[in-house]
Visitor: 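Sharing a structure below in structure tokens format, with a few things to ask.
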2 protein chains.
Amino acid sequence: MIKMSTKGRYGTRLMLQLAHHYGDKGQAVILRSVAENETISIRYLEQIIIPLKVSKLVKSIRGAGGGYSLARPPDQIKISEILHTLEGSCCLVECIEDEDFCPRKPYCATFEIWNKATQLLKGYFDNLTLQDVVEIDRKKKKAKPK
Amino acid sequence: MIKMSTKGRYGTRLMLQLAHHYGDKGQAVILRSVAENETISIRYLEQIIIPLKVSKLVKSIRGAGGGYSLARPPDQIKISEILHTLEGSCCLVECIEDEDFCPRKPYCATFEIWNKATQLLKGYFDNLTLQDVVEIDRKKKKAKPK
DNA sequence: CCGTTTTCAACATAATTTTATAGATTTTAT
DNA sequence: ATAAAATCTATAAAATTATGTTGAAAACGG
């Protein structure tokens with residue numbers, strides 16, 4: 001399985017929840033409600049949101065009445081940014097980003113094919129914003145309400 | 001990191017080695033030589049080659065003078081077959097292949113985007129054969145010999 | 001034909017990373 | 001003060017990655 005880690009998947013869903021409330025007044029979303037809506041452990045979400053905060057994709061407000069919110073409008077957040085933050089990158093193999101990861105690179109044919117596949121993915125996620133996903137979500141919920 | 005497991009990566013390199021010797025007379029390749037060429041533990045290669053054998057991508061010959069060889073010509077082995085055997089699939093997320101994996105599917109926007117990304121990858125690996133990779137390899141070695 | 005070597009085959013174990021949970025602390029609004 | 005919420009630290013469970021040990025089949029030399 002060429003799989004995304006749970007961090008990337010859960011993190012995107014978390015960001016999607018925040019995106020849905022972006023612009024609401026008094027809009028900070030608390031992790032507990034995300035945890036309930038998405039049935040993900042709140043403790044795990046805490047670990048996931050830290051890097052999102054560090055990379056300035058979300059803001060936090062502490063204390064009662066606090067919570068998290070997007071640091072920028074959803075149409076200015078690329079999915080590739082989320083993945084890059086949570087997965088390190090959206091590369092299929094480390095040797096693509098990390099120059100020194102593997103000495104075989106200059107004569108490695110498999111590097112070429114993983115690299116090409118990675119470019120395909122990157123191209124897709126670079127041109128996809130949180131706003132796009134919000135719209136997919138709304139359309140889908142409309143088509144099949146409840 | 002949306003990463004391929006080492007099984008997929010090492011396994012492809014293993015298959016590439018076998019492909020290079022396909023057609024040689026007395027061509028069975030021993031794992032030890034693959035292990036040395038690719039600097040991968042021979043024990044780990046043994047674990048990787050078992051599923052490749054089960055799915056009939058490689059044949060084995062036991063005993064002295066034995067080894068492994070491709071079960072079909074390299075231009076008739078798709079990279080997607082190798083990945084499917086070793087990774088379970090080349091899906092980014094399990095919910096794409098496994099119907100029952102996640103109940104959120106009917107109203108999950110992220111499913112849509114992981115699915116689309118998976119189709120991109122699948123399309124690429126479905127149209128790429130071991131022979132293609134062998135040619136990339138030969139071209140690369142020619143360009144920068146030794 | 002017999003034993004030795006070569007190789008695959010099977011099983012068990014160890015190390016590492018990923019995934020997930022738990023408890024205690026700090027900050028802030030009311 | 002009190003309660004709500006983020007933050008910090010630790011730990012546990014599971015999967016992935018890797019190694020070690022022994023066994024079994026086939027070829028080969030004598």
Side-chain angles (χ1 to χ4, degrees), chain A residues 1-14 17-18 21 25-36 38-54 57-71 83 86-88 92-94 101-102, chain B residues 1-14 17-18 21 26-36 38-54 56-71 83 86-88 92-94 101-102:
Chain A
M1 188 83 50
I2 298 172
K3 66 162 178 275
M4 302 194 40
S5 73
T6 56
K7 294 207 165 145
R9 290 188 284 123
Y10 295 176
T12 305
R13 283 160 60 189
L14 167 58
Q17 292 263 331
L18 299 189
H21 291 87
K25 270 300 161 204
Q27 67 284 58
V29 177
I30 65 175
L31 271 196
R32 186 165 43 77
S33 82
V34 177
E36 279 165 13
E38 301 286 337
T39 51
I40 302 170
S41 143
I42 195 172
R43 305 291 181 179
Y44 199 33
L45 282 178
E46 284 171 356
Q47 288 176 50
I48 289 170
I49 210 164
I50 289 171
L52 291 171
K53 216 190 108 172
V54 170
L57 292 174
V58 306
K59 290 183 293 189
S60 71
I61 301 171
R62 300 187 66 158
Y68 293 94
S69 58
L70 294 186
L83 298 180
L86 293 173
E87 311 265 4
L92 289 178
V93 287
E94 310 208 33
F101 181 72
C102 174
Chain B
M1 190 84 47
I2 300 174
K3 67 164 176 268
M4 305 195 39
S5 73
T6 56
K7 292 206 167 144
R9 288 188 285 127
Y10 294 176
T12 304
R13 282 159 62 186
L14 167 58
Q17 290 264 328
L18 299 188
H21 291 88
Q27 68 283 61
V29 177
I30 66 174
L31 274 194
R32 186 165 43 76
S33 83
V34 176
E36 280 166 11
E38 302 286 336
T39 46
I40 301 171
S41 143
I42 195 171
R43 305 294 176 179
Y44 198 36
L45 282 176
E46 282 171 356
Q47 288 176 50
I48 289 170
I49 209 163
I50 289 172
L52 291 171
K53 217 189 108 174
V54 170
K56 304 232 193 294
L57 293 175
V58 308
K59 290 182 293 190
S60 70
I61 301 170
R62 299 185 65 153
Y68 293 94
S69 58
L70 294 185
L83 297 181
L86 294 174
E87 310 264 3
L92 287 179
V93 286
E94 309 208 32
F101 182 72
C102 174

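A quick note: this is a predicted structure, and the numbers were derived from the prediction, not measured. Just so we're on the same page: letters track the sequence lines, and every chain starts at 1.
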Visitor: Over all heavy atoms of both residues, which pair between Ser33(B) and Val29(B) is shortest? Give the atoms and the distance, please.
Guide: OG-CG1, 3.6 Å
Visitor: Just the rounded figure in Å: distance from C1' of dA22(C) to CD1 of Ile42(A).
Guide: 13 Å
Visitor: Go through the structure and list residues passing side chain to side chain donor-acceptor pair (under 3.5 Å) with Glu36(A), not counting sequence neighbours.
Guide: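 For Glu36(A), no residue satisfies side chain to side chain donor-acceptor pair (under 3.5 Å) once neighbours in sequence are set aside.
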Visitor: Please report the distance, rounded to the nearest Å, between CG in Leu31(B) and C1' in dT6(C).
Guide: 13 Å
Visitor: Which pair of heavy atoms, one from Leu31(A) and one from Leu14(A), lies closest together, and at what distance?
Guide: CD2-CD1, 4.0 Å
Visitor: How close or far is atom P of dT17(C) from atom NZ of Lys7(A), stated in whole angstroms?
Guide: 13 Å
Visitor: Could you list the residues that satisfy side chain to side chain donor-acceptor pair (under 3.5 Å) with Lys59(A), not counting sequence neighbours?
Guide: none
Visitor: Could you tell me how far apart Tyr44(B) (OH) and dA14(C) (P) are, to the nearest whole angstrom?
Guide: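 So the OH-P distance, Tyr44(B) to dA14(C), works out to 18 Å.
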Visitor: Would you classify Ile50(A) as touching base, sugar-phosphate or nothing, given that sugar-phosphate means primed atoms plus P, OP1 and OP2, and contacts are heavy atoms under 4.0 Å?
Guide: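 Counting heavy atoms under 4.0 Å across all strands, no contact is made by Ile50(A).
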Visitor: With a non-hydrogen cut-off below 4.0 angstrom, is Lys59(B) in contact with a base, only sugar-phosphate, or nothing?
Guide: nothing
Visitor: Return the value, rounded to whole Å, for the distance between atom CD of Glu46(B) and atom C1' of dT7(C).
Guide: 10 Å
Visitor: Only pairs at least two apart or in different chains count here, so list each side-chain hydrogen bond (donor to acceptor under 3.5 Å, both in side chains) that has a residue in residues 39-49 of chain B.
Guide: Thr6(B)-Tyr44(B)
Visitor: Between Ile30(A) and Gly66(A), what is the shortest heavy-atom contact and its length?
Guide: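 Shortest heavy-atom contact: CG2-O, 3.4 Å.
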Visitor: Indicate the atoms forming the closest heavy-atom contact of Leu18(A) with Tyr68(A), along with that distance.
Guide: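 Minimum heavy-atom separation between Leu18(A) and Tyr68(A): CD2-O, 3.7 Å.
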Visitor: Watson-Crick or G-U wobble partner for dA24(C), using a 3.5 Å limit on both distances?
Guide: dT7(D)
Visitor: Mind checking which nucleotides bracket the chain B contacts on DNA chain D, 5' to 3', with an atom under 4.0 Å from a heavy atom?
Guide: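 Footprint of chain B along DNA chain D, 5' to 3': dT17(D) to dA27(D).
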Visitor: Can you give one letter per nucleotide of nucleotides 25-30 of chain C, going 5' to 3': B for a protein heavy atom under 4.0 Å from the base, S for sugar-phosphate only, - for none?
Guide: -BBBS-
Visitor: Side chain to side chain donor-acceptor pair (under 3.5 Å) with Lys53(B): which residues, sequence neighbours excluded?
Guide: Ser60(B)
Visitor: Can you tell me how far P of dA9(C) sits from CZ of Arg32(B), to the nearest Å?
Guide: 16 Å
Visitor: Would you name the heavy atoms of Leu86(B) and Pro51(B) that are closest together and state the gap between them?
Guide: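 Closest approach of Leu86(B) to Pro51(B): CD2-CG, 3.8 Å.
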Visitor: By nearest nucleotide on DNA chain D, pick out whichever of Arg43(B) and Val29(A) is the more 5' one.
Guide: Val29(A)
Visitor: dT6(C) P sits how many Å from Tyr68(B) OH, rounded?
Guide: 17 Å
Visitor: Rounding to an integer number of Å, can you tell me how far Lys3(A) NZ sits from dT17(C) P?
Guide: 16 Å
